[in-house]
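Values below: all heavy atoms of this structure, side chains included; hydrogens, waters and symmetry mates excluded.
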Number of protein chains: 2
Amino acid sequence: MYEIFQKYLDEKAELTQAESERIQSFAIIKKLRKRQYLLQEGDVWKYDAFITQGCVRTYTVDEKGGEHVNSFSIENWWTGDRESLMLQQPSRFNIDAIEDTELILFTHENFEMLCKEIPGFNNMVNAILQRSFIAAQNRIQASLALTAEEKYLNFVNKYPSFASRIPQTMIASYLGMTPETLSRIRKQTAKK
Amino acid sequence: MYEIFQKYLDEKAELTQAESERIQSFAIIKKLRKRQYLLQEGDVWKYDAFITQGCVRTYTVDEKGGEHVNSFSIENWWTGDRESLMLQQPSRFNIDAIEDTELILFTHENFEMLCKEIPGFNNMVNAILQRSFIAAQNRIQASLALTAEEKYLNFVNKYPSFASRIPQTMIASYLGMTPETLSRIRKQTAKK
DNA sequence: TCAAACTCTTGATCTATATCAAGTTTTTAC
DNA sequence: GTAAAAACTTGATATAGATCAAGAGTTTGA
């Protein structure tokens with residue numbers, strides 16, 4: 001499965017052969033079965049994690065047991081809890097697999113070392129962070145300005161592949177509404 | 001006013017005297033009067049902007065004329081529209097001054113050049129981006145999981161100084177509720 | 001300094017979405 | 001292959017927060 005990450009690197013970063021090999025030497029392959037946790041609330045997150053196959057969700061659980069999905073991540077994207085990682089504090093988030101999933105992990109020390117050693121890698125990492133931040137801003141914007149129906153249409157438009165592979169309950173939670181409301185919205189919009 | 005930025009740099013970045021001076025040589029001082037725009041929807045944002053004094057808000061306007069506040073930024077923080085900057089596309093956001101405000105601007109070309117030239121500066125910029133991303137994640141989390149009252153208490157707790165200097169209408173918008181609702185919540189919580 | 005323009009508050013009413021409940025379909029796991 | 005569990009739908013009802021309206025303070029600017 002490393003080839004998928006290698007291809008990603010080839011596309012996104014300018015690296016010499018030696019640098020590529022150095023990066024690979026620190027990669028840890030990890031497989032998750034559907035429903036398996038990658039991170040549980042209370043644990044400290046210690047990795048930078050790239051998904052080569054599958055899909056995970058990041059969510060919190062409130063006192064009443066309600067789950068609130070913060071994000072979905074699929075193949076060719078990164079996952080983890082940056083706050084827990086940076087501050088080395090217990091995470092408020094859970095991350096688990098929605099499908100059987102394969103990841104490549106780097107311990108944060110190794111990852112930081114690679115960033116310091118390899119400018120091309122560092123640049124790629126920064127570019128990813130920029131994009132993540134922009135995406136988060138847009139999500140905030142949507143949550144403030146859109147109605148439930150608009151949020152759903154916006155979501156489907158932005159991530160067409162997600163609607164089919166992720167259970168509606170989770171999408172509803174991600175959009176900040178109940179599954180019932182999402183079900184009714186889908187019925188409504190299907191008519192049009 | 002440059003001293004304020006200089007102090008920030010001294011605290012946050014490891015720089016030689018020469019590097020500090022080089023950074024300063026590209027700084028553009030800008031003053032905004034209350035209500036004055038820094039960025040208007042439709043314009044392309046071209047700077048990295050640091051606030052030395054005052055307060056701005058970043059917001060969108062919907063078709064019905066409703067304003068949705070995405071963020072507040074005060075002295076010792078950065079502002080701008082990263083999406084517009086990165087993609088060089090017209091911004092969906094407005095940024096204007098809530099108080100008379102002073103900023104330091106760097107054109108993005110100069111800023112990028114400084115990042116490339118000066119590793120200590122680059123590291124600082126990345127650290128800021130990390131923190132911004134973490135803050136955005138937490139905001140998403142709060143918007144999904146909290147009630148209106150909890151959102152307000154969380155906001156006051158996190159940014160105690162904001163409640164007194166920013167009009168309630170804008171805070172309400174930032175929290176995703178109407179000014180009336182915020183007014184009632186404040187009345188409620190004052191009792192307790 | 002005074003009128004116009006905001007800002008905040010409070011009350012009455014409305015509505016989008018939540019909650020509760022029950023039935024149907026789909027998926028999972030032995 | 002089948003029973004149990006999970007996911008989705010639909011209807012009835014409830015509610016948090018929105019909207020509308022009007023009055024009291026406060027700020028702004030000629």
### Task
Report yes or no: is the cationic atom of A:Arg165 (NZ for Lys, CZ for Arg) closer than 6.0 Å to the six-membered ring centre of A:Tyr159, at no more than 45° off its axis?
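No - A:Arg165 does not lie over the ring of A:Tyr159 by the 6.0 Å and 45° rule.
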### Message
I'd like to know if A:Phe155 and A:Ile74 are part of one continuous hydrophobic network [Ile/Leu/Val/Met/Phe/Trp/Tyr, side-chain heavy atoms within less than 4.5 Å].
### Response
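Yes; tracing contacts between hydrophobic side chains, which count when under 4.5 Å, links both residues.
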### Task
Could you check B:Leu182 against A:Arg184 and say which one's nearest nucleotide on DNA chain C is further toward the 5' end?
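It is B:Leu182 whose nearest nucleotide is closer to the 5' end.
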### Task
Would you indicate what B:Lys151 reaches in the nucleic acid, counting non-hydrogen atoms under 4.0 angstrom: base, sugar-phosphate, or nothing?
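Since no nucleic acid heavy atom lies under 4.0 Å of B:Lys151, the category is nothing.
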### Query
salt bridge (Lys or Arg N to Asp or Glu O under 4.0 Å) between A:Asp96 and A:Arg57: does it pass, once the steps are laid out?
CA-CA 6 Å; A:Asp96 66 16; A:Arg57 74 208 238 254; 3.0 Å; yes
Can you check the [X] [atom1] to [N] [atom2] distance for me, whole Å?
X        : N      : atom1 : atom2 : answer
B:Arg33  : D:dT28 : CZ    : P     : 13 Å
B:Glu149 : D:dT15 : CD    : P     : 17 Å
A:Lys34  : C:dT26 : NZ    : C1'   : 11 Å
B:Lys187 : C:dT10 : NZ    : C1'   : 6 Å
B:Ile98  : D:dT28 : CD1   : P     : 13 Å
A:Tyr152 : C:dT17 : OH    : P     : 15 Å
A:Leu146 : C:dA16 : CG    : C1'   : 15 Å
B:Ile185 : C:dT9  : CD1   : C1'   : 14 Å

### Message
What I want to check is whether the side chains of B:Glu21 and B:Gln17 have a donor and an acceptor closer together than 3.5 Å.
### Response
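Yes.
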### Message
Hydrogens and angles aside, do B:Asp10 and B:Gln6 bring a side-chain donor and acceptor to less than 3.5 Å of each other?
### Response
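There is such a pair (donor and acceptor under 3.5 Å, judged by atom type) between the side chains of B:Asp10 and B:Gln6.
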### Query
Has the side chain of B:Arg186 got a donor or acceptor atom sitting under 3.5 Å from an opposite partner on the base of C:dT7?
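No, the side chain and the base share no sub-3.5 Å donor-acceptor pair.
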### Base of C:dT27 paired with side chain of A:Arg35 (donor-acceptor, under 3.5 Å)
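Side chain to base: no pair below 3.5 Å.
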### Query
What are the two closest non-hydrogen atoms of B:Ser161 and B:Ser164, and how far apart are they?
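Reported closest heavy-atom pair: O-OG, 3.0 Å.
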### Task
For DNA chain C, determine which residues of residues 172-179 of chain A have any heavy atom closer than 4.0 angstrom to one of its atoms, and list them numerically.
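Close to the strand are A:Gly176, A:Met177, A:Thr178.
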### Separation between CD of A:Gln36 and NZ of A:Lys31, rounded to the nearest 0.5 Å
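Nearest 0.5 Å value for the CD-NZ distance: 12.0 Å.
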### Query
How far does CG of B:Asn154 sit from CG of B:Leu146, to the nearest 0.5 angstrom?
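With rounding to 0.5 Å, CG (B:Asn154) is 5.5 Å from CG (B:Leu146).
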#### Entry: Bending between helix ends of the helix from C:dT1-D:dA30 to C:dC30-D:dG1 [5 pairs per end, 10° resolution]
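About 60°, once rounded to a multiple of 10°.
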### Task
Measure from the side-chain heavy atoms of A:Ser183 and tell me the nearest of D:dT9, C:dT27, C:dT9.
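Nearest listed nucleotide: D:dT9.
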### Query
Can you check whether A:Phe106 and A:Phe5 have ring centres sitting under 6.0 Å from each other?
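Ring centres of A:Phe5 and A:Phe106 closer than 6.0 Å.
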### Task
Please step through side chain to side chain contact (heavy atoms under 4.5 Å, CB included) for the pair B:Met170 and B:Phe162, ending with a clear verdict.
CA-CA 11 Å; B:Met170 294 182 190; B:Phe162 284 28; over 6 Å; no
### Query
Does C:dC8 have OP1 or OP2 sitting under 4.0 Å from an N or O in the side chain of B:Thr169?
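Yes.
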### Query
How do A:Thr181 and B:Glu180 order along DNA chain D: which one's closest nucleotide is nearer the 5' end?
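Taking each residue's closest nucleotide, the earlier one in sequence belongs to A:Thr181.
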